[in-house]
Amino acid sequence: MMIHPVQRVMAWTLVWTGLVVLQFVLSAAVDVEEVHHSSVLHRHKRDWKFNMYFAMEELPGWLLPQKIGQLINTEVEQKPYTEFQISGEGANGLFIVNDAGEIFVTAPLDREKKSSYKLNAQIRDSRTKVRLEPDGEIHIKVLDINDNKPIFSDIPIGSVYERAAKGTEVLTVNATDADDPKTANGNIVYKLMNGTNYFRISNQTGKITVEDSRLDRETQSQYKLLVQASDMFGKPGGFTTTTVVTVNISDINDNAPAFTRGIFRFTVKEDVKTAFEIGKLTVKDQDEKQNKNPKFTIQGNNDLFFVYRDDDGDGALIINKGLDYETNPSYSFMVTVSETDVVQPPDSQGSVVTSARVLVSVVDVNEPPFFTQTEYNFQVPEGLNKNKIVGSVSASDPDKPGSKISYAIRSLKCPLEINQQTGQLTVKEKLDRESEESHMCEVTAQEEPPSGLISYAMVKLKVLDINDNDPVLVDGSNVYICEKDKKGEVRN
Ligand SMILES: *[C@@H]1O[C@H](CO)[C@@H](O)[C@H](O)[C@H]1NC(C)=O
Ligand SMILES: *[C@@H]1O[C@H](CO)[C@@H](O)[C@H](O)[C@H]1NC(C)=O
Ligand SMILES: *[C@@H]1O[C@H](CO)[C@@H](O)[C@H](O)[C@H]1NC(C)=O
Ligand SMILES: *[C@@H]1O[C@H](CO)[C@@H](O)[C@H](O)[C@H]1NC(C)=O
Ligand SMILES: [Ca+2]
Ligand SMILES: [Ca+2]
Ligand SMILES: [Ca+2]
């Protein structure tokens, strides 16, 4: 295929004229070479003077037909009655011969499609058509012209780590040229048209390597490089093609994490559960997420809080133990952040915030009254009369110790009464062991009725058989013996 723009036709004319002269010189040179150096040709005495002819490819129409050589048989004196014939590839079409033995090419050849032709030459008597000598094999070699541009193959995206050493391979580009690779027409050289401060290309192999080890992903994560391929050894007059190749810069961990602030303030309710996340200590690390790997340390002796790295690489501030506003309404401590696997020296230098103060304000929560026990056990002898004291329960408001609590009994079938103010329990009706041996009563303590918070506790009452023995103190139980009653004294 031919590529020659209209404006270059004049220049081509000169080139063709030069090339046509060249093809004759070549034909003669081949003859001399072969006579002197080819042992094969020496062994068989040659009848045909030339066995190789040259024809330029892509000759323009106005130069056709074009003589490419002369058939000469050295054994036959060329007389008026000799004639030449050719047969074989392209014979009597693409190539013709006249009676005088002049060979012509009649149409444009394309070396990139077919680079040589094999034919047979014949010399015979023109009257009798009898062969005068054995046929000779001749070759017509098609001479290359530079009529093909270099073409780049598909180039995948290259990638290289930031800070990669000079000489690290990035990718290799590849261009092909259909012209004869043994000539300048098909010889390609590569050139990097930009990006040369960080990259270089091998002009022969197309391999792109790192030129400067200061590539920094955080500054530029991708480069587009303009690459040129030229034939004719890159000299003026050849063809050039360009392509843009993409180079991704991969991340390494070369940035240390830093807190986004010097002080983090949080408020948290005192009643939050253990492992509750109070908030985030936000961290800045210019690297990609996989290289944002901070480690947090709380300074001093502090087992109340804990900081761990969350999925985003920030610090999650966690409660390790229960909080109590009444005991400690605020906390202040320092947290430091570091990264062990960051390459040295990191990009981020200078005033980076690697320690921050954390201020936690505990918010008071209205907590329900707190019974001294969740379950109260009392044992009383049977037959205790109404209004006799059994014992008492007690609850207090953790928010305001000493403030008023109101007690009540919730269970309907309870043989006890409770003093609303003191929590003292008294017998409501005479206890009869034979009818019921034990009783369960639910009692409540409430802050500021009717809407204050309520807590519950259980009172277990065991009615004992009368005997002469002292009531037995059950482990952990409150045993009440009416002070006014004497031992063994029972009223029926
Ligand atoms: C360049 O591409 C051509 C055609 O696809 C292939 O034959 C050749 O091996 C490639 N060269 C390199 C160095 O990959
Ligand atoms: C190189 O040139 C190409 C094409 O003009 C452009 O897209 C690219 O951004 C340039 N690259 C650099 C590093 O200048
Ligand atoms: C190719 O590169 C080599 C070494 O860098 C240099 O000597 C040579 O002149 C270059 N060739 C061309 C055609 O640019
Ligand atoms: C190159 O980088 C771009 C932009 O970050 C990304 O979309 C693409 O997947 C990367 N390609 C490769 C092969 O790494
Ligand atoms: Ca070419
Ligand atoms: Ca990085
Ligand atoms: Ca990092």
Side-chain angles (χ1 to χ4, degrees), residues 269-274 276 321-327 362-467 470-485 489-492:
K269 288 182 176 177
E270 63 175 327
D271 64 347
V272 295
K273 298 212 165 56
T274 300
F276 175 80
K321 286 186 176 168
L323 292 171
D324 184 22
Y325 171 81
E326 287 71 27
T327 318
V362 182
V363 176
D364 192 17
V365 169
N366 190 7
E367 293 164 283
F370 188 75
F371 272 104
T372 54
Q373 289 174 228
T374 53
E375 189 181 295
Y376 294 87
N377 288 293
F378 298 110
Q379 295 183 353
V380 292
E382 64 176 329
L384 268 190
N385 277 337
K386 184 168 157 59
N387 295 333
K388 283 289 177 192
I389 296 165
V390 170
S392 65
V393 296
S394 175
S396 60
D397 180 353
D399 304 313
K400 282 176 270 172
S403 68
K404 267 199 156 167
I405 298 290
S406 180
Y407 299 96
I409 289 181
R410 267 174 87 86
S411 311
L412 294 173
K413 278 184 64 188
C414 182
L416 300 174
E417 274 181 331
I418 194 160
N419 184 308
Q420 198 188 322
Q421 271 92 47
T422 64
Q424 190 172 66
L425 296 158
T426 52
V427 175
K428 192 163 80 177
E429 59 213 29
K430 202 173 183 179
L431 297 167
D432 180 8
R433 187 175 175 273
E434 273 64 49
S435 63
E436 203 121 30
E437 199 174 334
S438 67
H439 301 271
M440 299 267 271
C441 302
E442 194 179 36
V443 296
T444 62
Q446 187 174 26
E447 307 170 353
E448 297 166 28
S451 58
L453 294 172
I454 298 180
S455 291
Y456 302 86
M458 201 54 96
V459 170
K460 284 188 184 168
L461 186 66
K462 195 169 181 197
V463 182
L464 300 175
D465 208 2
I466 308 164
N467 57 31
D470 288 350
V472 177
L473 187 74
V474 176
D475 196 25
S477 305
N478 291 358
V479 179
Y480 180 75
I481 305 296
C482 183
E483 285 167 25
K484 286 171 186 159
D485 286 340
E489 206 176 272
V490 176
R491 290 180 222 172
N492 291 309

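Start at 1 with the first residue, then count along the sequence.
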List the atom of Gln373, the atom of Glu375, and the distance in Å for their closest heavy-atom pair. NE2-O, 2.8 Å
To the closest 0.5 Å, what do you measure between CD (Gln379) and CG (Leu461)? 9.0 Å
Closest non-hydrogen atom pair, Ser394 against Tyr376: O-OH, 3.2 Å
In Leu416, Val380, Val463, the residue satisfying side chain to side chain contact (heavy atoms under 4.5 Å, CB included) with His439 is Val463
Steps toward side chain to side chain contact (heavy atoms under 4.5 Å, CB included) verdict (Ile409, Leu425): CA-CA 10 Å; Ile409 289 181; Leu425 296 158; 4.1 Å; yes
Rounded at 0.5 Å granularity, tell me how far CG in Asp271 sits from CZ in Phe276. 9.5 Å
So Thr426 and Lys386, side chain to side chain contact (heavy atoms under 4.5 Å, CB included) or not? Walk me through it. CA-CA 7 Å; Thr426 52; Lys386 184 168 157 59; over 6 Å; no
Return the set of residues passing salt bridge (charged side-chain N to carboxylate O under 4.0 Å, His left out) with Lys428 (not counting sequence neighbours), or none when no residue passes. none
To the nearest 0.5 Å, how far apart are CD1 in Ile389 and CD in Gln424? 4.0 Å
Specify the closest pair of heavy atoms between Gly322 and Thr274, including all atoms of both residues, with the distance to one decimal. N-OG1, 4.3 Å
Suppose we screen for salt bridge (charged side-chain N to carboxylate O under 4.0 Å, His left out). Which residues come up paired with Glu429, at least two apart in sequence or across chains? none
Show me the pairs that pass salt bridge (charged side-chain N to carboxylate O under 4.0 Å, His left out) and involve residues 407-421, at least two apart or across chains. Arg410-Glu442
Counting only pairs under 3.5 Å, give me each side-chain donor-acceptor contact of residues 450-458, with atom names and distances, residues two or more places apart or in other chains.
{"residue": "Ser455", "atom": "OG", "partner": "Pro369", "partner atom": "O", "Å": "2.4"}

Is there a side-chain contact between Val427 and Val390, using heavy atoms and a 4.5 Å cut-off? yes
Would you say the side chain of Thr327 lies within less than 4.5 Å of the side chain of Val362, judging by non-hydrogen atoms? no
Just by distance, do the side chain of Glu270 and the backbone of Val365 share a donor-acceptor pair under 3.5 Å? yes
Please, which pairs that meet side chain to side chain donor-acceptor pair (under 3.5 Å) have at least one residue in residues 395-407, sequence neighbours excluded? Ser406-Gln420
Could you measure the distance from the CD atom of Glu437 to the CD atom of Glu382? Nearest 0.5 Å is fine. 10.0 Å
With sequence neighbours excluded, give me every disulfide bond (SG atoms under 2.5 Å apart) pair touching residues 380-447. Cys414-Cys441
Are any of the side-chain heavy atoms of Glu447 and Asn366 separated by less than 4.5 Å? yes
What heavy-atom pair brings Ile405 and Ala395 nearest, and what distance separates the two atoms? CG1-O, 3.6 Å
